[in-house]
Amino acid sequence: VGGLPPGVESGMMAMMAAAAAAAVAAGRTTTEGCLCKVCACPGSPRAIKTGGICLKIEAQRSAATHPIGAMLTLQGPASVGHTIEIYWPLDKVHYSARIISYDAVELRHMVMYEADGVREYLCLWNEEVRVLDGPSKGEGPAPKAPRDHNEAPHYAAAEEAIPTEPKTEAAVPAAVAADADMMDAEEAAPGVAAAAAAAGAEG
């Protein structure tokens, strides 16, 4: 992704990542009201396996390196219905896909690749993505098969397709709220999808 989308300052994203890192350093590992598997059951084996840090905080920490993916993640269900392009490093190609559902427990989204209908869950905060302004054929043909997620541990595991009717439009406010402490991710997230679409079109 060439640069940040209009309206989302690089300084803001860096501040969000720094604030999240500072929170973890200070011992804050959960977020009040968060539904992720860590916050729901902090002492559970699943939470411990992931390091015991709230997945939203992890997404915030990734804002410096994967800004658009992080913001799409933090928008949660508001990102459903948007068309994005996902970069596959091994293929060196962006593939077009539509976000069709959201999993608040694992903090991931299900995407459906437009060329062949293949679906998989991805933690977008670990992905290089860009938002498109409407349907697109992408930059290349459909991938032959889902990526080997065992060799790329930051990718979420692919799962069986679940019939889901994608929304035709996703209502997202026009501006991103500049939260002073940068830790209220859901207030900071709205509006990035529309802004990122413009960046994708320019890139």
Side-chain angles (χ1 to χ4, degrees), residues 4-5 7-9 11-82 84 98-111 120-127 129 131 154-157 159 162 164-167 169-196:
L4 291 172
V8 181
E9 299 294 336
M12 172 184 170
M13 303 302 289
M15 287 175 64
M16 177 184 289
V24 173
R28 176 184 170 185
T29 57
T30 60
T31 301
E32 184 177 357
C34 179
L35 300 176
C36 83
K37 62 185 178 183
V38 176
C39 293
C41 301
S44 69
R46 286 202 308 171
I48 294 173
K49 185 177 180 180
T50 59
I53 299 174
C54 169
L55 297 183
K56 283 190 176 181
I57 294 178
E58 290 285 29
Q60 291 167 352
R61 291 205 294 181
S62 75
T65 55
H66 298 90
I68 297 177
M71 296 299 281
L72 285 169
T73 296
L74 296 171
Q75 285 186 159
S79 294
V80 174
H82 287 288
I84 62 175
R98 180 170 292 274
I99 301 174
I100 60 174
S101 68
Y102 171 63
D103 179 356
V105 175
E106 298 286 345
L107 205 69
R108 61 187 182 175
H109 288 81
M110 178 178 277
V111 301
E120 67 173 337
Y121 271 115
L122 292 175
C123 293
L124 295 178
W125 44 282
N126 277 326
E127 300 288 343
V129 301
V131 179
H154 66 273
Y155 294 135
E159 297 193 1
I162 300 174
T164 305
E165 183 177 348
K167 298 179 181 178
E169 296 182 0
V172 181
V176 176
D179 190 340
D181 61 8
M182 296 300 154
M183 293 308 300
D184 190 343
E186 293 186 355
E187 290 183 6
V192 68

Side chains of [X] and [Y] in contact at under 4.5 Å (non-hydrogen atoms):
X	Y	result
Arg61	Ile53	yes
Asp103	Met110	no
Tyr121	Val111	no

[X] side chain to [Y] main-chain N or O, any donor-acceptor pair under 3.5 Å?
X	Y	value
His82	Ile100	no
Ser62	Ala70	no
Arg98	Gly81	yes

- Item | Criterion side-chain contact (heavy atoms from CB on, under 4.5 Å) against Val129, the qualifying member of Leu122, Ile99, Ile68 |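 Exactly one pass, corresponding to Ile68.
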On a heavy-atom basis, which atom in [X] and which in [Y] lie closest, and how many Å separate them?
X	Y	result
Lys37	Glu106	NZ-OE1, 2.8 Å
Gly52	Thr29	O-CB, 3.3 Å
Trp125	His66	O-CB, 3.4 Å

Gap between atom [atom2] of [Y] and atom [atom1] of [X] - 0.5 Å precision:
X	Y	atom1	atom2	value
Met71	Ser79	CE	OG	9.5 Å
Gln60	Thr73	CD	OG1	11.0 Å
Ile57	Cys36	CD1	SG	8.5 Å
Glu127	Arg108	CD	CZ	13.0 Å
Thr65	Asn126	OG1	CG	7.5 Å

- Message: For Ser44, give me all partners under side chain to side chain contact (heavy atoms under 4.5 Å, CB included), at least two apart in sequence or on another chain.
- Response: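 Only Cys41, Arg46, Ala47 meet the side chain to side chain contact (heavy atoms under 4.5 Å, CB included) criterion with Ser44.
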